[in-house]
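Below, all heavy atoms of this structure are taken into account, side chains as well, without hydrogens, waters or symmetry copies. All values derive from a computational prediction rather than experimental measurement. Lettering follows sequence order; numbering is per chain, from 1.
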Protein chains: 2
Amino acid sequence: MNKDIQTTELDAQTASATQKAYLAIQRMIVVGEISAGEKLKIGTLTAKLGTGASPVREALSLLTSDQLVERIDHRGFRAAQTSRENFEEILGLRCALEDRALRQSIAAATNEWEERLVLSHHRMVRQPREDVEAFEALHKTFHMTLLDNCGSPILIRYCSQLYDLNIRYRYIAGQTVNYQSRDIGAEHQAILAAAVDRNADLAAERLINHYRQTGAFLNGFFSRMVPVDL
Amino acid sequence: MNKDIQTTELDAQTASATQKAYLAIQRMIVVGEISAGEKLKIGTLTAKLGTGASPVREALSLLTSDQLVERIDHRGFRAAQTSRENFEEILGLRCALEDRALRQSIAAATNEWEERLVLSHHRMVRQPREDVEAFEALHKTFHMTLLDNCGSPILIRYCSQLYDLNIRYRYIAGQTVNYQSRDIGAEHQAILAAAVDRNADLAAERLINHYRQTGAFLNGFFSRMVPVDL
DNA sequence: TAATTGCAAATAATCGATAAAAATGTTTCA
DNA sequence: TGAAACATTTTTATCGATTATTTGCAATTA
């Protein structure tokens with residue numbers, strides 16, 4: 001409806017086959033429908049997505065740069081591997097980049113941004129947790145809104161990529177597990193409050209802490225699972 | 001010859017059409033043969049590269065994620081715009097990310113890395129400046145070698161992307177101009193020395209300074225040129 | 001038995017052609 | 001004149017088919 005608020009959404013009819021394939025494959029990898037290291041055969045994907053080889057290849061090329069897909073010349077594509085090291089790398093980078101982005105966002109704060117932030121938080125809170133994918137979409141929107149006032153499109157893009165890479169691990173660990181022991185809602189609320197107060201140090205600290213806690217949890221989870229990489 | 005030293009190089013006969021197109025188009029954009037904002041018509045590129053539409057499209061998709069190309073659905077591709085803001089964004093991010101990468105590299109220093117570093121520096125110094133593209137390739141290799149021991153492939157990738165985006169502006173400003181007033185050789189030497197000494201603070205400071213000086217110069221250059229964006 | 005070679009099937013990469021969409025130019029009508 | 005509607009041309013996006021490459025298997029040899 002309102003194109004200003006959510007520019008990311010695109011009409012299903014207008015979207016190109018490439019665009020649709022991109023979103024579909026990304027979702028399957030992030031959610032875990034396609035598992036890590038799995039071979040992505042063009043034939044299989046064209047059949048599943050009901051489209052030709054060109055859009056599929058193009059989508060896979062785009063996902064390659066998002067680090068969700070690996071391309072090996074003449075040997076096709078495969079879903080990126082997961083590993084503890086990879087997870088820790090993502091977490092560390094995410095903390096560094098989001099810290100920067102959030103501080104810049106707050107430094108450039110406007111009423112318009114503040115209102116968008118409150119709104120995105122409200123929408124996330126209102127969304128029932130049962131619909132996991134719907135909640136995750138709003139959760140991402142909230143986190144990206146925190147950053148999107150930083151004035152640096154490249155930084156935003158990197159943060160968005162890292163967010164997706166990270167969330168993939170959350171799906172691997174299973175959705176519910178983590179949220180039991182923590183009050184995620186309160187954490188979000190606290191981050192929002194600090195941002196609205198334009199207290200960059202506090203907001204950044206809370207945000208990073210939010211990530212580190214999830215990170216520590218997931219790390220614990222990974223150490224209990226298959227130690228063999230791949 | 002020695003595959004261990006330069007994994008990036010690929011045999012021209014084995015490389016896929018996509019790979020060749022990717023490198024060719026990237027080069028043209030970075031070097032300025034294709035100017036900022038220019039439309040990238042599939043037909044024109046297939047003719048120029050002597051290949052079909054699919055590899056060209058795939059290459060352009062890859063370049064999209066490198067931020068060198070913009071894709072607009074049903075409206076094709078165009079070379080990314082340049083602007084002062086974009087340049088400053090790149091410079092700032094580069095300083096932040098390379099600072100991090102260099103410190104991690106040094107923290108994980110080994111003799112093997114140290115030797116690779118000395119070697120890449122030597123090769124750059126030995127290369128005559130007349131062959132601009134050859135020198136630039138070795139220059140990039142030296143800078144990337146500084147970072148490539150950081151143990152974070154994603155960070156390396158981001159730094160590499162930002163390097164390419166940045167160097168595009170150097171080409172826009174013209175090659176020679178900048179190097180006249182500064183002793184770039186000495187700066188490189190100093191960075192190398194600090195890195196070999198495993199003095200992270202000093203090395204990072206020198207590296208960032210190296211970039212900031214180039215940045216300041218280019219900024220001065222841009223203010224003298226067309227203020228109208230695009 | 002282990003390694004090597006040669007073949008066949010599977011799959012990736014690429015091309016050429018077609019369909020869909022956008023841009024451009026032209027005519028018509030107020 | 002100006003703008004709206006239409007037709008034409010250009011260009012993008014997609015498909016189906018062809019070609020090139022790899023992979024897996026079996027036969028052969030040391």
Side-chain angles (χ1 to χ4, degrees), chain A residues 3 7 9-26 28-29 34-66 68-81 230, chain B residues 3 7 9-26 28-29 34-66 68-81 230:
Chain A
K3 202 148 180 282
T7 40
E9 69 184 318
L10 30 84
D11 334 62
Q13 59 267 52
T14 319
S16 63
T18 298
Q19 198 62 241
K20 282 189 277 188
Y22 173 79
L23 293 172
I25 299 171
Q26 180 189 53
M28 289 191 285
I29 296 177
I34 292 172
S35 50
E38 191 177 329
K39 186 139 195 4
L40 300 167
K41 291 187 205 164
I42 309 291
T44 311
L45 286 171
T46 53
K48 188 177 282 185
L49 301 175
T51 184
S54 322
V56 168
R57 299 196 115 254
E58 243 172 271
L60 290 171
S61 296
L62 290 168
L63 287 166
T64 296
S65 323
D66 293 341
L68 277 171
V69 165
E70 282 167 27
R71 126 181 253 143
I72 312 146
D73 236 25
H74 292 290
R75 212 157 302 183
F77 301 85
R78 53 182 55 241
Q81 291 290 0
L230 173 150
Chain B
K3 202 147 180 282
T7 41
E9 70 185 316
L10 31 85
D11 333 58
Q13 60 267 51
T14 317
S16 63
T18 298
Q19 198 63 242
K20 283 189 278 189
Y22 173 79
L23 293 172
I25 299 171
Q26 180 189 51
M28 288 192 286
I29 295 176
I34 293 172
S35 50
E38 192 175 329
K39 186 141 197 3
L40 300 167
K41 290 186 205 162
I42 309 292
T44 312
L45 286 171
T46 53
K48 188 177 282 184
L49 301 174
T51 184
S54 322
V56 168
R57 297 197 116 254
E58 239 173 274
L60 290 171
S61 296
L62 290 167
L63 288 166
T64 296
S65 324
D66 293 341
L68 276 171
V69 166
E70 282 167 27
R71 127 182 251 144
I72 311 147
D73 236 28
H74 291 288
R75 210 156 303 184
F77 301 86
R78 53 182 56 239
Q81 292 289 358
L230 176 150

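- Residue A:Ser16 places none of its side-chain N or O atoms closer than 4.0 Å to OP1 or OP2 of D:dT12.
- No side-chain heavy atom of B:Ile25 sits under 4.5 Å from any side-chain heavy atom of B:Leu68.
- Straight-line distance from the CD1 atom of A:Ile72 to the C1' atom of D:dT22: 12 Å, rounded to whole Å.
- For the pair A:Leu49 CG and D:dT14 P, the interatomic distance rounds to 13 Å; values are reported in whole Å.
- When the P atom of C:dA12 is taken as reference, atom CG of A:Leu60 falls 10 Å away, rounded to whole Å.
- Rounded to an integer number of Å, the gap from NZ of B:Lys41 to P of D:dT9 is 16 Å.
- The interatomic distance linking B:Leu45 (CG) with D:dT12 (P) rounds to 9 Å, in whole Å.
- If you find the closest nucleotide of DNA chain C to A:Ser54 and to A:Gly76, the one lying nearer the 5' end belongs to A:Gly76.
- In this structure the side chain of A:Glu58 reaches within 4.5 angstrom of the side chain of B:Arg71, judged on heavy atoms.
- When each of A:Asp73 and B:Arg75 is assigned the nucleotide of DNA chain D with its nearest heavy atom, B:Arg75 is the one assigned upstream, toward the 5' end.
- Residue B:Ala17 places its side chain closer to C:dT14 than to any other of C:dA12, C:dT14, D:dT12.
- The distance from atom CD1 of A:Ile42 to atom P of D:dC15 is 13 Å, rounded to the nearest whole Å.
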Notebook entry, point to check: Going through the distances and angles, do B:Glu38 and B:Ser35 end up as a side chain to side chain donor-acceptor pair (under 3.5 Å)?
Noted result: CA-CA 6 Å; B:Glu38 192 175 329; B:Ser35 50; 3.0 Å; yes

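- Under 4.0 angstrom from either OP1 or OP2 of D:dC15 there lies at least one side-chain N or O belonging to A:Thr51.
- In this structure, B:Gln19 places its CD atom 10 Å from P of C:dT14, rounding to the nearest Å.
- Residues B:Leu40 and B:Val56 are not in side-chain contact: their nearest non-hydrogen atoms beyond the backbone lie 4.5 Å or more apart.
- A:Lys39 places its NZ atom 10 Å from the P atom of D:dG24, with the value rounded to the nearest Å.
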